Amino acid sequence: MRTIVPVIIAFLSGFVMVISFFFNPDRAFIGRIESEVLVWVTIVGGFTLLLGVVSITRVNWHAVQSKKEGWVYNLLTLLSIFVMAIPAILPSSWSPLLGRATGSIYDWLFFHVDYTMMATMFAMLAFYIASAAYRAFRARNPEATLLLITATLVMLWRIPMGEAFLRLFSDNLPWLFSDNLPDKINTYIMSGANVAVQRGILIGAALGAASMSLRIMLGIERTYMGKG
Amino acid sequence: MNFWEKVGALDRRWIYLLVALSVIFPLIVPMSFKISITPEAQQLYEAVDSLPDSSVVMLTFDYYPSTVAETEPMAIAALHHLFRKNCKAITLSTVPLGGPSMAERVTRTLAKEYHKVYGIDFVNLGYKANYVAVLKGMGTSIESIYPTDNSGTPLSKLALMKKVKNYNDISFIFVVADNDIVTYWISIVNAQYGTPVGAGVTAVSAPKYYAFISSGQMTGLLGGMKGAAEYELLVRAQGMAEKGMGMQSVVHLMIILMVIMGNIAFFAARWAQKGRSE
Amino acid sequence: MSSAEIIQIWVAAFFTLAIFSFLYKDNPFYRLAEHIFAGLSAGYYVGLIWESVIIQQLWDPMISGSWWLVVPGLLGVLMFARLWPRISWVSRIALAFVMGNTAGIFLITQLHGIVLPQMGATMLSMGTNNGFASAVLAIIVVVGVVSTLIYFYFSKEHTGVLGVTARVGIWFIMVSFGAHFGYTVMARISLLIGRVYFLANEWLPSFKNIF
Amino acid sequence: MNGLAQFTALNRLSLDLTTGLQAVYSAVPEILKHLKIRFLLTTALAVVLDYQLVDAATSDSLFRVDRINALVTVVLFSIAILLYTKWAKQGKSLFVRKIAGLDAVEEAVGRATEMGRPVLFIPGIQEIDEIETIAGISILGRVAKITAQYDTPLVVPVRYPMVLAAGQEVVEQAYVEMGRRDSYNKDIVRFVAGEQFAFAATVNGMMMRDRPAANIYMGAFFAESLLLAETGNAAGSIQIAGTARPEQLPFFIAACDYTLMGEELYAASAYLSREPIMLGGLKGQDLMKVIIVALIIIGVILMTLGSGELYRSLFEAV
């Protein structure tokens, strides 16, 4: 019973979408079912986000209670959750500081703390890429050599200074590089080889995703349900 | 470790310092460069520019705060273009962490500049969970998925939303995104409802969407900060991206030099090794 | 610059530098910022889901008549059973409902929205009727797509013709990944530029107002 | 024809197709099957041709006739996947070629054994429900068998408790299978840190201290992949990576000695584990790739001859 009922629900919920695709939504009754099911899915989907919040709260609460090493940091996380969540839930009619609109604590904390940190966290990658460029990217085999040569060409093409440098080649040696070398990079590398490979990978990935979806719908693939 | 191996394994913090300097340098010595417009950026600009007066365009804020340096200038330049062309803008976000708040801030600040009225010229629908169901659901009725806008006003009370039932009433979808949602806007919305989709994406994901440009499923593509700078130039809205291109050039040249020097050290070390072992 | 603005900029600058400090080495400032970030993001979800799902999609519609929405509401609450292993199987119904629906949509859209149109777009004429350049481009795209698909074909050994096609495939893949590498470098740099721009053009000028 | 009648008609159509195909499948050896399938497909296309010509004006009809191409694709795809999964479950011998990357992994572990230095294996940094992590864990099983056999030290840092449990299960099973239960200890697979960059920093520390001879990264990786590959390079280890994330592949290719790309990661784990569901999926998708390549080549030939427009319109998404 613990797996049959969910499998049937997964199949029905998916089958409605597959069938309604082949019917005119306004003419067939299936269209009305599909639209209602989609609304329900957006509602249930919202709760999965709250699931993550509850598990973070629980993990940090245990860490604080058991005074694990560095539990002060966990306490900080707990405080941050409530400082952000509580004012947002209270009705904004009581005071402009509540709710989610501009000028609320929620909005202020998001833009000036959360937003800043997230933008900075990924900014560090520029440093990592530079050091990896020097210390790790080696033309160690023919494939990596071709990759690095194309990468250098595309990097040059992507910046104004580099483009001017490339145009030097095509202006002075037109018989070798024909007229506009930078345009050639866009046409033959980006819209030629790149499109071909991205398309091949897209088709492969789409077949993989469709295969996984078919197995989930028919209950063959159930790992997402977890053990027990 | 012979000399070249040591050069090749320089402590990474020296390189971090070099990166910091090469970013700060253009700040002190401001540089400006002529930015060339790629055909894909031109295609997106013309697709929006050719829309008739007061046609309805859906502008999506599908990016996380982590990539605002690339994506936000695109959303701002797009909104400049829409407000200037007197198009109606419906904004929404499929990103739960910050999406609706960023959409709210960008639209409200720009609306003041163009004296646009909320509910008539633009509406922010905000976020609803499970983007696949959201994209598919809006095909039949936007109101079924979004009973109210981001601040809770029922759609029936907003003049703009009264004449927009689903994708058939939307002339163009301008997706600004840093994740795979672009593929779903194309494979669900464009493939099944025919609404033209154009996108501004982060540079890391741009190469993939060339496949949709060349198959005609996507009308126009902006790639990374350079794409944002191109659209700012086309719309003549002086923005953040254009200023950033100076720094971009210096750091790029430095990285190219890094790759070349790193490989020189690599081959020299191997050559020295071979010399010693013969 | 009003005092509120100065506080805003200094708070943002503090956290920017706290994250950057990780570049030197892991330190208490970084861990402090990291843990606050995790908490604020979780808190953001609570505020967002409370208003956009529970109030706007459930409470308001239900009190104005569509009472049947109590069913998805209950299904959503069932999702929390996942947190207690003993009764986690109860959450499967809600999970199956959502995953099944997404699977149904993907089964159609991945084939109808991606495989078919991408196949159609690869059927290019190799004739030179509209120009030599378009014929060359068509050959590159067709050979590239076929050789990439063959490279990721696992049901036969890559020998003979299949082996040659796979070899060609790997060269195309390397060119495409090279282009991808070039684009990604710009992506990472832009993010850094965004932050340095904030520090230089907003934080530094604010010193004038204080000192 | 009301909705119900339409539905049963559709049902009967798909049943006939399945039984018809089944009869064909059982009588023909595997290579011929591909040819047979192509013959069957051209007949199916003939059916489609007259449907496609039906004027789209009938679009207010109940049934979206203009989407028949999608119906044929979905039905054909489902049959291919389900039949191969059924055979895989029946234990039929389904051939999957050995992925070159696996030889590179075995070579690297062999070299580590010679030098008596540890092997470091990271099954990606995502949760257990990610397909890439599952693939990474099955490749870990293979590596653990070799390290068990030659008693080479193995270190597996992980980021999530569930991945820790799955990793320990697979490694222990490998050591038991090779009859080396005594040399298995629980902290071969160890939980290192939760946060992405803290995980990378800790693993970098381990790399510089233990100086493993081989680093193997198999699974889902993000921006921190650069940090790992770079430190491994500085520590002088052979590095082999495998991930399906396109944005990380260029870096792994440039920084590692060998890289499994995208679907190769899944094929490698299907090859190793022979797990029926994965194998069935892989073989079904392979068959579709054969059909897709054939249809594309037919299309290119027709287009070059100038009479391909009608054929090509069959592939439009409407």
Side-chain angles (χ1 to χ4, degrees), chain A residues 2 6 9-10 13-14 17-18 21 40-41 43-47 49-51 53 56 73 76-77 80-81 84-85 88-89 100 106 112 114 116-117 120-123 125-126 129 143 146-147 150-151 154-155 158 189 192-194 196-197 199-200 203-204 206 209-210 213-214 216-217 224-225, chain C residues 8 11-12 15-16 19 31 35-40 42-43 45-47 49-50 53 57 72 75-76 79 89 92-94 96-98 100-101 103-108 110-111 114-115 118 137 140-141 144-145 148-149 152 172-179 181-182 186 188-189 191-192 195:
Chain A
R2 286 190 180 187
I9 289 177
S13 171
M17 305 312 299
V18 171
F21 172 78
W40 288 23
V41 165
I43 293 171
V44 178
F47 285 86
L49 275 172
L50 291 185
L51 200 61
V53 175
I56 280 185
Y73 293 114
L76 255 176
T77 306
S80 318
I81 297 175
M84 187 80 158
I89 295 178
R100 283 173 51 233
Y106 179 85
H112 300 295
D114 214 15
T116 311
M117 276 202 272
T120 314
M121 213 164 284
F122 284 85
L125 301 184
I129 242 196
E143 285 91 356
L146 180 57
L147 187 142
T150 323
V154 167
M155 275 196 279
R158 287 276 291 169
I189 293 184
N194 174 57
V197 171
R199 188 165 285 165
I203 290 174
S213 308
L214 181 70
I216 288 174
M217 236 177 77
Y224 70 90
M225 288 188 189
Chain C
Q8 277 170 218
V11 164
F15 283 107
T16 302
I19 297 285
R31 289 184 65 182
H35 281 80
I36 290 179
F37 168 71
L40 291 181
Y45 287 146
V46 173
I49 299 300
W50 172 261
V53 177
Q57 280 190 296
L75 264 179
M79 196 69 95
W89 65 274
R92 282 203 194 140
I93 299 159
F97 176 63
V98 172
N101 183 273
I105 296 173
F106 270 4
L107 178 61
I108 294 288
Q110 295 289 322
L111 298 176
I114 293 180
V115 174
Q118 289 297 314
L137 196 58
I140 291 176
V141 169
V145 171
T148 306
L149 282 172
F152 290 111
F172 270 94
I173 290 170
M174 285 305 130
V175 169
S176 169
F177 280 171
F181 182 105
M186 164 166 279
R188 307 304 188 205
I189 312 293
L191 305 180
L192 173 63
R195 294 323 303 160

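Naming convention: chains lettered A, B, ... in sequence-line order (proteins, then strands); numbering from 1 in each chain. None of these values were measured; they are calculated from a predicted model.
- For the options A:A88, A:G200, A:A10, heavy-atom pairs under 4.5 Å to chain C are most numerous at A:A10.
- Ranked by heavy-atom pairs under 4.5 Å with chain A, the first of C:V53, C:I108, C:I140, C:V141 is C:I108.
- Heavy atoms of C:I105 lying under 4.5 Å from chain A belong to its backbone as well as its side chain.
- Residue with the most contacts toward chain A among C:A96, C:A38, C:A12: C:A96 (heavy-atom pairs, distance under 4.5 Å).
- Atoms CE and CD1, from A:M121 and C:I19 in turn, are 4.0 Å apart once rounded to the nearest 0.5 Å.
- Ranking A:N194, A:D114, A:V154, A:L49 against chain C, the residue ahead of the rest is A:D114, based on heavy-atom pairs under 4.5 Å.
- Between the side chain of A:S13 and the backbone N or O of C:N101, at least one donor-acceptor pair lies under 3.5 Å.
- Atom CE of A:M155 sits about 5.5 Å away from atom CZ of C:F181, to the nearest 0.5 Å.
- Closest non-hydrogen pair, A:I56 versus C:A42, comes out as CD1-CB, 4.3 Å.
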* To do: Would you check, one step at a time, whether the test side chain to side chain contact (heavy atoms under 4.5 Å, CB included) holds for C:V175 with A:V197?
  => CA-CA 9 Å; C:V175 169; A:V197 171; over 6 Å; no
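- Only the side chain of C:L111 comes within contact range of chain A, with heavy atoms under 4.5 Å apart.
- In terms of heavy-atom proximity, A:S213 sits nearest to C:A103 at CB-O, 3.3 Å.
- Atom CD in A:E143 sits 10.0 Å away from atom CD1 in C:I173 (nearest 0.5 Å).
- Each of C:F177, C:F97, C:F106 has some count of heavy-atom pairs under 4.5 Å with chain A, and the biggest count is that of C:F97.
- Taking each heavy atom of A:T120 and C:R195 in turn, the nearest pair found is OG1-NE, 3.4 Å.
- When the candidates C:A179, C:P72, C:G43 are compared by the number of heavy-atom contacts under 4.5 Å with chain A, C:P72 comes out ahead.
- Between chain A and the residues C:V11, C:V145, C:I189, the most heavy-atom pairs under 4.5 angstrom are made by C:V145.
- The distance from the CE atom of A:M84 to the CD1 atom of C:I36 is 12.0 Å, given to the nearest 0.5 Å.
- With rounding to the nearest 0.5 angstrom, the CZ atom of C:R31 is 5.0 Å from the OH atom of A:Y73.
- Note that CG of A:L146 and CZ of C:F172 are 11.0 Å apart. Values are rounded to the nearest 0.5 Å.
- Each of C:G144, C:S176, C:G182 has some count of heavy-atom pairs under 4.5 Å with chain A, and the biggest count is that of C:S176.
- Of the two parts of A:Y106, only the side chain, counted from C-beta on, holds a non-hydrogen atom closer than 4.5 Å to a non-hydrogen atom of chain C.
- Only the side chain of C:I114 comes within contact range of chain A, judged by heavy atoms closer than 4.5 Å.
- Nearest heavy-atom pair, A:A206 versus C:V115, reported as atom, atom and distance to 0.1 Å: CB-CG2, 3.7 Å.
- If you measure heavy-atom distances from A:L51 to chain C, the contacts under 4.5 Å come from both the backbone and the side chain.
- In terms of heavy-atom pairs under 4.5 angstrom with chain C, the leader among A:I9, A:I189, A:L214 is A:I9.
- Shown here for C:R92 and A:P6, the closest heavy-atom pair between the two residues is CB-CG, 3.8 Å.
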